[in-house]
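Atom set for the values below is all heavy atoms of this structure, side chains included, hydrogens, waters and symmetry mates excluded.
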Amino acid sequence: MADQDLVEDGSVAPRGARGGADHAATAAPARATTHNSPSPSAGAEPTRGTAPSPGLASGPISRRRLLGTAAATGLALGAAGGAAGYAAGAASSSSSSSERVTPLSSLGAGEVRFHVKHQPGITTPLQARGHLVAFDLAAGAGRKEAAALLRRWSDTARRLMAGEPAAQDDTDIALDAGPSSLTVTFGFGHSFFARTGLEKQRPESLDPLPDFSSDQLDRARSNGDLWVQIGADDALVAFHALRAIQKDAGGAARVRWQMNGFNRSPGATAHPMTARNLMGQVDGTRNPKPTESDFDERIFVPESASPSTSGDPAWMANGSYAVVRRIRMLLDDWEQLSVKEQEGVIGRRKSDGAPLSGGPKATETTAMDLEKTDAQGNLLVPINAHARITRPDQNGGAAMLRRPFSFHDGIDAKGVPDAGLLFVCWQADPLRGFVTVQRKLDRGDALSKFIRHESSGLFAVPGGAAEGEYVGQGLLEG
């Protein structure tokens with residue numbers, strides 16, 4: 001749980017909605033298409049559009065007029081979660097001369113492209129719902145079956161991310177919804193390469209993670225041959241994608257483990273802001289940002305990747321490495337602390353995320369002064385505060401892009417919440433990124449007594465698929 005944040009902007013161009021016939025009482029939602037820049041420095045997948053405000057309509061409008069108005073007034077929202085826009089819709093009433101305006105949410109309008117330089121779901125803004133699922137290849141399945149599976153998965157992901165039904169036996173779960181910023185991301189685990197006879201193509205960076213003192217790992221819920229990350233701003237759209245991916249696996253692979261998560265919905269706050277975790281803390285203030293000059297260098301494998309230059313095989317060019325950890329939060333213990341004690345553990349104010357060294361006028365983005373003390377000579381940011389330990393300048397510049405989901409799986413046998421963080425972080429080199437920071441945390445993080453690492457995985461996530469290709473084609477057919 002590093003002290004980092006994901007903030008990014010994007011532009012959108014609204015398109016027509018997917019769905020059934022028009023209805024006089026309810027307007028169909030507009031849809032926005034996300035365009036990814038092909039330039040090397042633009043690794044982000046912008047998302048989410050807004051529909052026009054109710055004030056734009058003064059009388060009945062047709063669906064065609066509604067969509068035309070939306071296209072003319074589409075706006076870009078901040079990636080941390082802007083307020084949802086609304087469109088005017090005509091509604092019938094008891095009097096033919098009286099009308100009321102029906103708000104039309106743009107929550108489902110965001111569309112993220114599948115065929116991009118870096119796979120979607122890495123720099124895409126956090127979505128409200130997520131599923132993480134790992135698969136193991138079935139007995140007897142090898143490279144040929146894996147290639148066919150990735151081809152099916154890629155086609156399904158492309159269709160669903162565009163708001164279209166799956167090619168075969170679509171369940172109609174998301175029939176009435178727009179794309180809802182759906183992303184589907186694919187990766188390969190360490191064991192995949194032996195199963196497919198591709199050991200020579202396994203990246204050195206995919207060597208197993210070391211053991212950490214805070215680990216209490218459930219091996220059945222760790223690792224896997226294949227990994228899929230699904231995110232969307234609508235729960236049914238996310239579940240629809242999950243079912244489609246599971247069905248596509250057929251006899252080639254079986255589910256090893258699945259985890260379900262959530263974040264705050266876009267528009268739930270008065271203004272875009274960093275998310276909070278289940279401890280109530282602003283979580284992710286110092287995430288590297290795509291606008292930073294060295295962002296690609298820290299997060300993505302170079303486009304000219306080769307074993308001789310970067311230690312990564314050529315098929316990993318423009319890819320990244322994902323560390324996935326299920327981190328249980330011991331919420332009953334945490335909530336017994338006073339707010340002041342909680343702030344000391346983190347090193348930031350709970351109310352707004354400002355550093356404890358910043359004073360009353362500090363904000364979340366105020367620089368943290370690690371040497372500042374109070375009148376008694378005590379460090380304002382404690383020596384074992386989580387925010388101090390995870391800073392890149394305290395870890396030789398090590399950085400990772402955190403993109404987590406919260407989870408709550410009910411109450412366990414001891415009567416305490418089974419809840420916490422589905423930690424997902426991205427980096428060009430997990431040894432220099434996650435491992436460096438986690439080793440530092442292992443040696444004295446104040447937060448460690450309130451969390452427990454219960455599962456773990458490391459996956460090689462190749463670059464995005466070009467038009468007409470599937471994810472991982474360079475590996476499986478190279």
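Within 6.0 Å of atom CD in E477, more than 12 heavy atoms from other residues, nucleotides or ligands are found, so the atom counts as buried in its surroundings. Counting heavy atoms of neighbouring residues, nucleotides and ligands inside a 6.0 Å radius, atom CZ of R159 exceeds 12 of them.
Side-chain contact of E364 with T285: a donor-acceptor pair under 3.5 Å is present, judged by distance alone.
Using modelled atom types, no side-chain atom of S455 and backbone atom of D218 make a donor-acceptor pair closer than 3.5 Å. Remark: side-chain polar atoms of S222 are not paired, donor with acceptor, to backbone N or O of A220 under 3.5 angstrom. No donor-acceptor pair closer than 3.5 Å links the side chain of R298 to the backbone N or O of L401. No donor-acceptor pair under 3.5 Å is formed between the side chain of Q119 and the backbone N or O of V461. Here the side chain of H190 pairs no donor or acceptor atom with the backbone of D207 at under 3.5 angstrom. In terms of modelled atom types and a separation under 3.5 Å, the side chain of N318 and the main chain of K117 share no donor-acceptor contact. No donor-acceptor distance shorter than 3.5 angstrom exists from the side chain of R143 to the backbone of R195, with no hydrogens or angles considered. Of the possible polar contacts, one joining the Q427 side chain to the C425 backbone as a donor-acceptor pair under 3.5 Å is found. S181 places no side-chain N or O within 3.5 Å of a backbone atom of A232 that could act as its donor or acceptor partner. The closest donor-acceptor contact from the side chain of D296 to the backbone of I299 lies at 3.5 Å or more, if one exists at all.
Atom-to-atom distance recorded for W153:CH2 and F135:CZ is 4.5 Å, nearest 0.5 angstrom. To the nearest 0.5 angstrom, S406 atom OG is 12.5 Å from R276 atom CZ. Taking CG of D352 as the start and CE of M273 as the end, the distance is 9.0 Å to the nearest 0.5 Å. Taking CZ from R113 and OG1 from T124, the interatomic distance works out to 13.0 Å, rounded to the nearest 0.5 Å. If you take CG on L132 and CZ on R221, they are separated by 12.5 Å, rounding to the nearest 0.5 Å. To the nearest 0.5 angstrom, M400 atom CE is 7.5 Å from Q438 atom CD.
Between D172 and P165 the shortest side-chain heavy-atom distance does not fall below 4.5 Å. Side chains of P203 and F193 form a contact here, defined as non-hydrogen atoms less than 4.5 Å apart. In this structure the side chain of L160 never reaches within 4.5 angstrom of the side chain of V184, judged on heavy atoms. Looking only at side-chain heavy atoms (C-beta outward), H240 and T171 come within less than 4.5 Å of each other. Side-chain atoms of M259 and F407, non-hydrogen and from C-beta on, never get closer than 4.5 Å to each other.
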For L475 and T196: C-alpha separation, side-chain torsions, deciding distance, then whether side chain to side chain contact (heavy atoms under 4.5 Å, CB included) applies.
CA-CA 11 Å; L475 167 66; T196 55; over 6 Å; no

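In this structure D418 satisfies the salt bridge (charged side-chain N to carboxylate O under 4.0 Å, His left out) test together with R326, R328, sequence neighbours excluded. R256 pairs by the salt bridge (charged side-chain N to carboxylate O under 4.0 Å, His left out) definition with D136, not counting sequence neighbours.
A pairwise comparison of heavy atoms in W334 and M279 identifies NE1-O, 3.2 Å as the closest pair. Shown here for Y321 and L458, the closest heavy-atom pair between the two residues is CB-CD1, 4.4 Å. Taking both residues in full, the closest heavy atoms of P120 and T185 are given as O-OG1, 2.5 Å, listed atom of the first, atom of the second, then distance. Of all the heavy atoms in G110 and P179, the pair that sits closest is O-CB, 3.3 Å.
Aromatic ring pairs are classed by plane angle as parallel below 30°, tilted from 30° to 60° and perpendicular above 60°; the pair F114 and F186 is perpendicular. The aromatic rings of F300 and H118 sit parallel to each other, their planes meeting at less than 30°, with 60° as the upper class boundary.
A salt bridge links R158 with D155: the distance from a Lys NZ or Arg NE/NH1/NH2 to an Asp or Glu carboxylate oxygen falls below 4.0 Å.
The side-chain hydrogen bond (donor to acceptor under 3.5 Å, both in side chains) test with Q127 singles out one residue from N263, D233, T183, and that residue is T183.
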Which donor-acceptor pairs under 3.5 Å do the side chains of residues 244-252 make with protein atoms, sequence neighbours left out?
unit_1, atom_1, unit_2, atom_2, d
Q246, OE1, R243, NH1, 3.1
Q246, NE2, Q258, OE1, 3.0
K247, NZ, D169, O, 2.7
D248, OD2, T156, OG1, 2.5

